[in-house]
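Heads up: the structure comes next, in structure tokens.
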Amino acid sequence: MIPQAPKGTDDILPPASEGWRRLLRGFEDLAVRYGYGFTMTPLFEATELFSRGVGVETEVVEKQMYTFEDKGGRSITLRPEATASVVRAYLGSGTQGVFKGYYAGPMFRYEQPQSGRRRQFYQVGVEYLAEPSPDADVEVIEVGYRLLQQAGITEVTVRLNSIGDPADRAAYREALVAFLKDRADLLSDEARSRMSSNPLRVLDSKADASVVADAPAPLDAICEAAAAHFAGVVAGLQRRGIPYEISPRLVRGLDYYNRTVFEYVSAAYTAAQEALGGGGRYDPLAEMLGGPPVAAVGLAMGVDRIVLAMPKFPPGGPDVFVAVADPARREDAIGLVAALRDAGLWSEMDLGDRSLKAQFKVAGRRGSRLVAVVGDEWSEGLVTVRRMSDGEERPVAIEEVASWATNR
RNA sequence: GUGACCGUAGCUCAGGUGGUUAGAGCGCCAGGUUGUGGCCCUGGAGGUCGGGGGUUCGAGUCCCCUCGGUCACCCCA
């Protein structure tokens, strides 16, 4: 039997990979224009980074990590997300002050695969470090919004909430636990067990939605400073014309968040895993990792989901397909293809020994715009060029094929 | 981790109650056209019926296990 790709992983091949290519390219251009620098961190990290940074009580750390021991006896984990790594790298690099970085790459989470949820999945994201201004939150949210726009995804809205500062969360947590305790018999088993470990998570549980509907909201319990920050974010989004809706029940599954949390949804994408991206402010993270306090805000976009939601792109084709009419001219044809490529054109030929007819079939299937036939007329310095859309043909001087093709 | 459905050629699928050499369409390759695609015609290649075990004289078809897929829960990008 041929080995299969591991469960929950995907091979991304052409022509389907075209959407991925465009999205990744578009993201790089976008991030660079907003001033974020290319950032790469390891795909695997010491397990401790995630247990401390992401939080031991979170689902991600509790049961979704790919963790193994390496040959040196170290506990290693394939990264389930990139933010902790970027902050670790920042703290360890001696970098001072503001840092803006973007990243793109695969993440790993041991989960049951379904639509929009894979064991290896791709994220692109930005992190804006050492900038406490709510305008940094706004800029980060804007980057994600623009990415979705330029990917052709319509009806995008930003769901927005504030979960306050750590002290607010502690107080709120008590109030929420009290509320949940009164209704414990109505809750699902998971919700009950989560009451002690991570009660905020009960808020966005689908099974407990009706019970939680009139629970106190984090937004009502935040301190003055956090409320002012939130107001600043809202005002900024309005100024930037980014559509948002305040979602009092929105919380994030990772422990490091404070204040602003957000996610992107689109009416054009309606799988159960509906968030196309998400993020928030995570001022506590640097200290959780043992560093000095560093204000921070960032986002991660789910590339797999975005590609699912994107319009499909018709595959492109070669500008000039070179066909060999006389096998003795094969080397000349190879030379012509190389010359066309040097001239910046997409040029191909069939390297097998197929008949001219078969070569035309291949050319047609590949979506070639023009086919240049290398045959007897080569000795007169000519090739026959056929326009595939209407079949019109004409002789063209060999050295003029490139310029001729560029203008047609 | 839980549940439902599913797994036959490269792709989409047929294969009543188990019974001779497992089929179709599309795709692929070649030819019909001695230098030409998209339409048409002819021919061809291609399958350990996801894998393993069991029941049976006989299993693609029944049973068990396993791997994988899809969707949902959970959770998240």
Side-chain angles (χ1 to χ4, degrees), chain A residues 1-10 54 58-64 80-83 104-125 144 147-148 188-191 193-194 198 201-202 204-208 250-254 261-265 269 271-280 298-309 317 321 323-327 329 350 352 354-378 383-393:
Chain A
M1 267 198 86
I2 300 167
Q4 297 170 296
K7 180 170 181 160
T9 65
D10 299 294
V54 175
T58 61
E59 292 285 329
V60 167
V61 169
E62 264 183 354
K63 48 187 198 186
Q64 297 179 349
E81 57 111 46
T83 298
M107 309 294 161
F108 308 86
R109 258 118 94 157
Y110 192 86
E111 302 195 82
Q112 280 309 313
Q114 72 185 72
S115 181
R117 195 177 65 186
R118 320 297 300 159
R119 287 187 171 177
Q120 176 175 328
F121 59 103
Y122 223 84
Q123 285 188 337
V124 298
L147 178 70
L148 295 174
S188 63
D189 291 345
E190 285 116 9
S193 69
R194 205 168 281 132
N198 200 341
R201 295 241 45 83
V202 180
D204 59 4
S205 157
K206 288 180 191 176
D208 300 289
L250 175 65
V251 294
R252 302 264 85 196
L254 314 181
V261 294
F262 60 88
E263 65 185 22
Y264 303 86
V265 294
Y269 180 67
Q273 310 303 323
E274 60 180 354
L276 294 168
L299 71 76
M301 305 298 291
V303 177
D304 305 68
R305 292 181 188 177
I306 294 171
V307 171
L308 283 175
F321 191 99
V324 184
D326 175 0
R329 305 260 183 224
D350 187 298
R354 277 177 251 272
S355 66
L356 188 62
K357 172 179 174 152
Q359 293 178 64
F360 265 90
K361 268 185 109 152
V362 172
R365 208 164 42 226
R366 298 280 289 127
S368 312
R369 195 158 52 85
L370 302 168
V371 174
V373 179
V374 174
D376 294 340
E377 61 273 53
W378 186 271
V383 293
T384 301
V385 178
R386 177 184 180 90
R387 187 163 58 200
M388 295 298 271
S389 58
D390 59 7
E392 192 184 303
E393 287 187 8

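Throughout, a chain's letter reflects where its sequence line sits, starting with A, and its residues are numbered from 1.
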Task: ring pair (Phe, Tyr, Trp, His ring centres under 6.0 Å) partners for A/Phe321, two or more places apart - done: none
Task: Backbone of A/Gln112 reached by a side-chain donor or acceptor of A/Arg117 within 3.5 Å - done: yes
Task: Electrostatic pair A/Glu263-A/Arg252, nearest N-O below 4.0 angstrom - done: yes
Open item on the list: Rounding to an integer number of Å, can you tell me how far A/Gln4 CD sits from B/rG10 C1'?
Closed with: 16 Å
Task: Value in whole Å for how far the P atom of B/rU70 lies from CD of A/Gln273 - done: 13 Å
TODO: Check RNA chain B for consecutive Watson-Crick or G-U pairs with both distances under 3.5 Å and list the runs of at least three as stems.
DONE: B:1-7 with B:67-73, B:10-13 with B:23-26, B:28-32 with B:40-44, B:50-54 with B:62-66
Open item on the list: Looking at A/Arg252 and B/rC75, is any side-chain donor or acceptor paired with a base atom of the opposite kind under 3.5 Å?
Closed with: no
Task: Test side chain to side chain donor-acceptor pair (under 3.5 Å) applied to A/Ser368 - qualifying residues, sequence neighbours left out - done: none
Open item on the list: My understanding is that only residues two or more places apart in sequence, or in another chain, count here; which of them pass side chain to side chain donor-acceptor pair (under 3.5 Å) with A/Asp208?
Closed with: A/Ser188, A/Ser205
- [ ] Round to a whole Å and report the spacing from CD of A/Gln114 to C1' of B/rA77.
- [x] 13 Å
Open item on the list: Once hydrogens and angles are ignored, does a donor-acceptor distance under 3.5 Å link the base of B/rC29 to the side chain of A/Arg354?
Closed with: no
TODO: Could you tell me whether a side-chain N or O of A/Arg305 sits under 3.5 Å from a main-chain N or O of A/Gly116, the two making a donor and an acceptor?
DONE: yes
Open item on the list: Rounded to whole Å, how long is the line connecting atom CD of A/Glu274 with atom P of B/rA72?
Closed with: 11 Å
Open item on the list: Suppose you measure atom P in B/rC49 against the same atom in B/rU20; what distance do you get, rounded to whole Å?
Closed with: 16 Å
Task: Spacing between A/Glu111 atom CD and B/rU70 atom P, to the nearest angstrom - done: 14 Å
Open item on the list: Going by side chain to side chain donor-acceptor pair (under 3.5 Å), name the residues that satisfy it together with A/Arg119, two or more places apart in sequence or in a different chain.
Closed with: none
Task: Under 4.0 Å protein heavy-atom contact, by nucleotide of nucleotides 32-40 of chain B - B base, S sugar-phosphate only - done: B--BBBB--
Open item on the list: Once you apply a heavy-atom cut-off of 4.0 Å, does A/Gln359 come out as touching a base, just sugar-phosphate, or nothing?
Closed with: nothing
Open item on the list: Between P on B/rC74 and CZ on A/Arg119, what's the gap in Å once rounded to a whole number?
Closed with: 19 Å
Task: A/Leu254 CG - B/rC75 P separation (whole Å) - done: 13 Å
- [ ] Give the rounded distance in Å between these two atoms: CD of A/Glu263 and C1' of B/rA77.
- [x] 10 Å
